[in-house]
Every structure is written in structure tokens, then in C-alpha cells.
Amino acid sequence: MRVYEDLADLIRGSWPTPLYRLKSFGEKNVWGKLEFMNPITHSIKDRTALSLFQEAMKATKAGDPIIEASSGNMAVALAALSAAYGRRMIAYVSTRTAAAHKAMLKLLGSEVRERDGGTPDMIDEVREEARRLHAHHPNQFENPRNYLIHYEETARELDEQLLSAGLRVGYIVAGLGTAGHITGLSLYFKEKYGSSMKVIGVEPLDGIPGIKEFDGNPFREVAKIDEVVKVSLREALAAVKLVAANDGLLLGPSSGAVVAAIRRLELDGAVGIFPDDAWKYADLLARSW
């Protein structure tokens with residue numbers, strides 16, 4: 001009956017996340033995997049954070065801090081796990097990080113350090129601070145656990161959903177952030193289905209919270225991506241509004257970017273990975289009306 005006494009079990013208990021057919025695409029066979037239905041951050045980062053945190057618990061002693069740079073969701077998920085298991089969490093975030101993320105971090109007892117620029121600009125400082133404090137630095141940007149959890153769990157789960165429902169799709173579309181989930185998904189589906197399954201990545205043409213350009217990403221040589229599409233913030237927000245109006249789902253901008261890419265390519269037989277919901281971006285959405 002979904003009764004839990006442990007936060008890790010609560011996170012795992014939300015899997016499989018739903019696979020939902022989108023009315024916004026009319027008669028086309030387009031589905032969304034609703035990763036924003038993970039329980040802590042309402043984002044796909046709950047999965048990655050759980051994997052990285054469990055690795056940290058094995059590698060550290062009880063008093064060792066955990067320190068990570070994040071644009072928001074990863075830090076919040078790690079802070080929640082740290083609070084639940086009695087660990088100290090230090091989160092480095094950008095001054096541009098959504099106020100909601102910063103508020104949640106403080107609510108969870110995390111120490112929050114704000115820096116100008118993006119998360120990659122903080123990595124050297126975070127590494128040095130980790131050495132100084134004898135802290136564990138999961139480093140989601142380079143740690144293979146970032147994509148292996150999606151190869152082992154998310155991709156297998158999606159494949160089982162498609163098979164159990166008798167669904168035939170030829171495309172998986174996902175945003176490029178740290179590129180963990182698209183890398184894991186691409187490895188699994190290419191290994192099992194070869195060229196019959198196309199994997200399409202989505203990059204921002206301008207600033208879209210939660211996705212980044214793929215150039216320079218450490219997982220670029222590992223991922224098996226067939227095509228990369230650039231989407232503007234305006235297109236992403238328009239797609240968010242489209243899905244809200246037709247499906248009643250509250251997608252975040254990174255999920256909207258995935259919808260926009262599917263629309264642009266006029267795909268039929270596709271699954272979009274929706275990593276985040278709208279609630280943390282209410283101010284951005286309000287400014288777009």
C-alpha cells in the first residue's frame with residue numbers, strides 16, 4: 001500500500017514513473033515519461049541523487065560533509081537525503097538559481113554558498129573545499145553514476161512499460177543538462193534496439209533552466225545520440241502552455257523544450273522525457289504571458 005519508513009525506499013517506491021499519452025499531439029503516437037513525479041524535487045534528479053548519495057555513504061564516515069555544485073534540483077535532492085540520514089550538506093549554487101531552490105535548501109538544513117556564473121565555473125572551488133574539509137564531492141558532471149543509474153533503472157523501466165503496453169516507438173527525446181539521463185537511455189536503447197531507435201538531444205538556443213549545450217560535456221564520448229536540436233526559451237514556454245491547455249500537465253521549461261523539439265521534428269512514435277515540473281518556475285512563466 002506504499003507505506004515507507006525510509007527516504008530511499010520512498011524515492012524508489014515512486015518508480016516506475018508514469019508513461020502518459022499526450023493529447024497535445026492529436027492522433028500522433030507521442031508519450032511523455034513523467035519524471036517530475038519523483039517525490040522529493042519533482043524532478044529526475046531524485047534518481048541520480050539517490051545513486052550518488054548511496055555511493056557517498058559507502059565512501060565516507062558519519063561526520064564527513066557532502067559538497068556539490070548544482071543549478072538546483074540535484075542539490076535539493078542531496079540535501080533531503082543528507083537531512084534524512086544525518087549528514088552535513090554544503091550546496092554551491094548560482095546567484096541565478098531559482099529562489100525556490102535556495103529556499104528548499106535552507107529548509108532542509110543545507111549550507112548554501114552562492115557564486116556568480118554557472119555551475120561549471122564553481123567546480124575548482126568545490127574540489128578545493130572538498131579537500132580542505134575532507135568532504136565527499138559526488139561531482140555529478142563527471143561521475144559515471146550519473147548516467148549508470150539511468151541505464152540500470154530509468155531505461156529498463158521505460159522499456160518494460162513500452163513492452164507491457166504493446167507500444168512501438170522509434171524516438172526517445174531528452175534534454176541535455178549534465179546529460180546523465182540521456183546518456184544512460186541512449187546506451188540502453190542502442191544496445192538493445194540498435195539503429196531502429198533514434199535518440200534525440202535538446203539544447204537551449206538561449207537560456208532554458210535545466211538544459212545546457214552538449215559541447216565540452218564529459219559524457220559526450222559515451223552517449224549515443226543521433227541528433228541534437230536547439231530550442232529557444234520562447235518555444236519551450238509555448239510548449240509548456242500547450243500541454244497545460246490540452247493535457248492538464250504542468251511541465252517545467254526543460255520538459256517544454258522536449259515537447260517543442262518533438263513538434264519541430266514532427267515525430268510520430270516518440271517518447272519525451274519530462275525531467276521537471278512548472279512549480280519552481282512560476283515567476284518565469286508569469287513573465288512570459
Side-chain angles (χ1 to χ4, degrees), residues 1-20 31-57 66 68 70-87 89 91 93 97-110 112 138 140 145-158 160-161 174-175 177-178 180-182 184-185 209-210 240 243-244 247-256 258 271-282:
M1 297 299 295
R2 304 188 79 194
V3 178
Y4 307 103
E5 296 184 12
D6 181 88
L7 189 63
D9 290 341
L10 172 64
I11 293 171
R12 287 188 175 277
S14 70
W15 306 342
T17 55
L19 188 62
Y20 177 82
W31 298 76
K33 184 145 176 67
L34 309 187
E35 283 296 305
F36 58 80
M37 295 192 75
N38 277 286
I40 307 303
T41 63
H42 296 186
S43 85
I44 199 168
K45 290 297 187 181
D46 283 11
R47 292 187 189 260
T48 317
L50 179 59
S51 179
L52 296 182
F53 186 81
Q54 289 175 331
E55 179 183 67
M57 292 287 277
I66 294 172
E68 182 71 333
S70 165
S71 59
N73 285 328
M74 173 60 77
V76 174
L78 287 172
L81 288 159
S82 296
Y85 296 100
R87 293 300 180 101
M89 173 69 190
V93 300
T97 294
H101 285 119
K102 296 173 190 176
M104 294 306 107
L105 286 167
K106 291 175 182 177
L107 182 63
L108 289 163
S110 175
V112 180
Q140 60 175 319
R145 288 305 312 166
N146 189 338
Y147 65 82
L148 288 173
I149 185 65
H150 297 293
Y151 174 85
E152 295 163 358
E153 298 281 358
T154 318
R156 176 191 53 77
E157 181 182 300
L158 174 57
E160 289 175 356
Q161 287 175 307
T178 61
H181 68 271
I182 194 171
L185 287 160
V240 167
V243 173
D247 287 282
L249 294 176
L250 298 172
L251 305 184
S254 57
S255 302
V258 170
V271 174
I273 310 299
F274 296 163
D276 205 356
D277 71 8
W279 289 99
K280 294 182 283 287
Y281 309 100

Has Trp279 got more than 12 heavy atoms of other residues, nucleotides or ligands less than 6.0 Å from its CH2? no

Counting only heavy atoms not in Met57 (residues, nucleotides, ligands), do more than 12 fall under 6.0 Å from its CE? yes

So do the side chains of [X] and [Y] get within less than 4.5 Å of each other, counting heavy atoms only?
| X | Y | answer |
| --- | --- | --- |
| Ser255 | Pro275 | yes |
| Asn73 | Val76 | no |
| His181 | Ile273 | yes |
| Trp15 | Asn38 | yes |
| Pro18 | Met37 | yes |
| Met104 | Lys280 | no |
| Leu81 | Ile11 | yes |
| Ser51 | Leu148 | no |

So, Thr48 and His150: side-chain donor and acceptor under 3.5 Å apart, yes or no? yes

Identify the heavy atoms of [X] and [Y] that sit nearest to each other, and give their distance.
| X | Y | value |
| --- | --- | --- |
| Ser70 | Ala75 | OG-N, 3.1 Å |
| Leu7 | Ala80 | CD2-O, 3.6 Å |
| Ile182 | Ala174 | CD1-O, 3.6 Å |
| Val240 | Gly256 | CG2-CA, 3.8 Å |
| Gly13 | Arg2 | O-NH2, 3.3 Å |
| Leu249 | Phe36 | CD2-CZ, 4.5 Å |

Using the salt bridge (charged side-chain N to carboxylate O under 4.0 Å, His left out) criterion, which residues pair with Asp247? Sequence neighbours excluded. none

Sequence neighbours excluded, which residues qualify as salt bridge (charged side-chain N to carboxylate O under 4.0 Å, His left out) partners of Arg145? Glu152

Rounded distance [0.5 Å steps], [atom1] in [X] versus [atom2] in [Y]:
| X | Y | atom1 | atom2 | result |
| --- | --- | --- | --- | --- |
| Lys106 | His101 | NZ | NE2 | 14.0 Å |
| Asp276 | Glu35 | CG | CD | 11.0 Å |
| Met74 | Ser43 | CE | OG | 8.0 Å |

Trace of the side chain to side chain contact (heavy atoms under 4.5 Å, CB included) decision for Arg47 with Thr17: CA-CA 11 Å; Arg47 292 187 189 260; Thr17 55; 3.5 Å; yes

Who passes side chain to side chain contact (heavy atoms under 4.5 Å, CB included) against Ala79, sequence neighbours left out? Met89, Leu105, Leu108, Ser110

Could you pull out all residues at least two apart from Thr178 that satisfy side chain to side chain contact (heavy atoms under 4.5 Å, CB included)? Lys45, Gln140, Phe141, Asn146

My understanding is that only residues two or more places apart in sequence, or in another chain, count here; which of them pass ring pair (Phe, Tyr, Trp, His ring centres under 6.0 Å) with Tyr85? Phe53

By side chain to side chain donor-acceptor pair (under 3.5 Å) - contacts of Gln54 (at least two apart): none

Donor-acceptor under 3.5 Å (Asp46 side chain, Thr41 main chain): yes

